[in-house]
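Before any comments, here is the structure.
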Amino acid sequence: MSTSLSWGRHYLMTEPTHYRIDYAINPFMDTEIQPDPARARAQWDTLRATIEELGGRVDVISPRADSPDMVYAMNLGFAATLAEGRRHALLSHMRFPERRNETLTAVEWFDANGWGTAYVGKDGIGPTFEAGDVFPFAGHLVAGTGPRTDEMALKTLAAEMNVRVLCVRTTHSGMYHLDLAFCPLDERRAIICPDALAPESAQALLDLIPEPLVITEEEALSTFAANSIVIGRTVVMPSCPDRIRTVLEGWGFTIRIVEMSELHLGGGSVRCVTNPLDIVVGRDLPVVYGGEVIPT
Ligand code: ARG
């Protein structure tokens with residue numbers, strides 16, 4: 001059996017109090033179709049309780065009334081403990097101005113909780129970066145560029161964290177963050193939807209995954225199956241088609257389904273609302289002083 005991921009047991013989540021669809025910045029969003037606040041809250045509460053029941057920890061950040069997408073906490077920033085023990089967060093510089101105020105509250109939270117912070121860009125100046133595009137796997141910090149994150153952001157990301165970044169180019173408007181198309185499962189396995197990526201990028205990422213679970217565009221978009229989190233040997237997912245369940249269970253994973261339909265209206269699911277705080281450089285990623293970016 002392949003070794004479980006060491007990270008993924010501690011998350012930051014944003015209370016869904018102000019979650020609404022005020023604008024449409026991805027193909028899932030429609031201002032005519034609003035989430036039911038009570039159901040959204042119940043789904044969020046169940047996800048939080050599930051993580052805690054599985055032995056995980058959840059820290060909660062208060063939402064901003066002016067930021068209805070802040071419930072998608074994955075996009076607040078990329079956080080990791082650096083090799084020398086310092087906790088460091090690279091804050092997102094959102095593509096769309098509608099989401100930029102979220103960073104004002106995120107930086108306060110990281111400051112107050114013992115994290116150093118840095119920016120790749122701010123207030124529309126400099127490259128954009130959204131942390132839902134960035135996940136460690138097989139010695140690389142895999143970073144999706146295109147819809148939300150600029151390639152120019154990756155040099156700073158690599159240098160701030162002292163890691164090797166593999167740049168993969170996203171070409172699919174419906175999979176505008178890498179976490180809609182890629183999910184590390186354990187040290188040898190990951191869910192991947194190659195249709196989300198430029199052919200060379202898809203190949204480079206497939207080459208990195210010893211045992212890939214390849215899903216179709218239709219599976220990724222209609223089930224949000226790649227937008228899952230993994231706690232030890234349990235995959236917490238919004239839904240799981242039988243074909244995917246068979247593969248995951250064959251690999252020894254247990255599936256926990258958490259209904260996320262209200263959160264899907266904004267274009268995000270389990271992963272989008274949970275930002276891992278327990279990634280460690282030197283454990284989950286090799287230390288590469290000065291950083292390195294590998295293009296594909
Ligand atoms: N409405 C949000 C946006 O378009 C959804 C974010 C989903 N988050 C994610 N990590 N994929 O920015």
Side-chain angles (χ1 to χ4, degrees), residues 8 11-14 16 18-35 40 43-44 47 61 63-64 66-79 89-103 105-106 124 128-136 141-150 153 157 168 170 172-184 191-193 196-197 215 217 220-230 236-238 258 260-277 279:
Y11 293 98
L12 180 62
M13 294 178 70
T14 310
H18 300 298
Y19 168 52
R20 303 175 300 276
I21 315 294
D22 279 0
Y23 46 79
I25 57 171
N26 70 54
F28 296 93
M29 300 173 88
D30 177 348
T31 55
E32 303 286 303
I33 306 174
Q34 290 298 325
Q43 292 176 356
W44 187 94
L47 175 59
I61 181 170
R64 298 174 64 93
D66 65 4
S67 300
D69 264 339
M70 194 174 160
V71 69
Y72 302 107
M74 185 59 237
N75 296 123
L76 295 176
F78 174 75
L90 189 64
L91 291 154
S92 289
H93 177 212
M94 307 281 192
R95 171 75 74 200
F96 295 102
E98 289 88 337
R99 291 200 68 180
R100 291 198 185 130
N101 282 351
E102 297 175 33
T103 307
T105 299
T128 62
F129 167 67
E130 298 192 9
D133 276 323
V134 170
F135 295 92
L141 192 55
V142 182
T145 60
R148 299 297 179 89
T149 295
D150 290 330
L157 174 65
V168 295
T170 306
H172 196 297
S173 62
M175 287 180 263
Y176 46 89
H177 282 126
L178 185 66
D179 62 13
L180 296 163
F182 173 65
C183 178
I191 298 174
I192 173 176
C193 176
L197 303 170
I215 64 169
E217 176 189 28
L221 293 175
S222 64
T223 70
F224 283 91
N227 205 250
S228 300
I229 61 172
V230 182
V236 182
M237 318 181 71
V258 177
M260 294 293 283
S261 52
E262 298 301 324
L263 282 306
H264 292 174
L265 298 175
S269 196
V270 172
R271 169 73 77 191
C272 299
V273 300
T274 54
N275 191 328
L277 294 174
I279 294 169

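Note that ligands are numbered from 1 as they come in the structure, with each ligand's atoms numbered from 1 the same way.
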For the backbone of Ser67 and the side chain of Glu102, can you confirm whether one donor and one acceptor N or O come within less than 3.5 Å of each other? no
Taking only non-hydrogen atoms of Met94, do any sit less than 4.0 angstrom from ligand 1? no
Can you sort out which atoms of ligand 1 are near Arg148, meaning under 4.0 Å from one of its heavy atoms? 3 (C), 4 (O), 12 (O)
For Gly266, the ligand 1 atoms whose distance to one of its heavy atoms is below 4.0 Å: 1 (N), 2 (C), 5 (C)
Would you say the side-chain atoms of Thr103 pair up with the backbone N or O of Ser92, donor to acceptor, closer than 3.5 Å? yes
Do Asn75 and His177 have side chains that approach each other closer than 4.5 Å (heavy atoms only, starting at C-beta)? yes
Under a 4.0 angstrom heavy-atom cut-off, which atoms of ligand 1 come close to Asn26? 1 (N), 2 (C), 3 (C), 4 (O), 5 (C)
Side-chain donor or acceptor of Thr223 paired with backbone N/O of Ala220 under 3.5 Å: no
Is it the case that ligand 1 has an N or O less than 3.5 angstrom from some N or O of Asn75? yes
Would you say the side-chain atoms of Thr128 pair up with the backbone N or O of Arg148, donor to acceptor, closer than 3.5 Å? yes
Atoms of ligand 1 close to Ile25 [distance to a heavy atom under 4.0 angstrom, numbered from 1]: 3 (C), 4 (O), 12 (O)
Is there a donor-acceptor pair under 3.5 Å between the side chain of Arg20 and the backbone N or O of Asp69? no
Atoms in ligand 1 with a heavy atom of His177 nearer than 4.0 Å: 6 (C), 7 (C), 8 (N), 9 (C), 10 (N), 11 (N)
Any N or O of Asp179 that comes nearer than 3.5 Å to an N or O of ligand 1? yes
Please confirm whether the backbone N or O of Leu197 pairs with a side-chain atom of His172, one donor and one acceptor, at under 3.5 Å? no
Under 3.5 Å between some N or O of ligand 1 and some N or O of Tyr72? no
With heavy-atom distances below 4.0 Å as the criterion, list the atoms of ligand 1 near Met29. 1 (N)
Atoms in ligand 1 with a heavy atom of Asp69 nearer than 4.0 Å: 1 (N), 2 (C), 3 (C)
Closest protein heavy atom (residue, atom, distance) for atom 9 (C) of ligand 1: Cys272 SG, 2.6 Å
Side chain of Asn227, backbone of Gly268: donor and acceptor closer than 3.5 Å? no
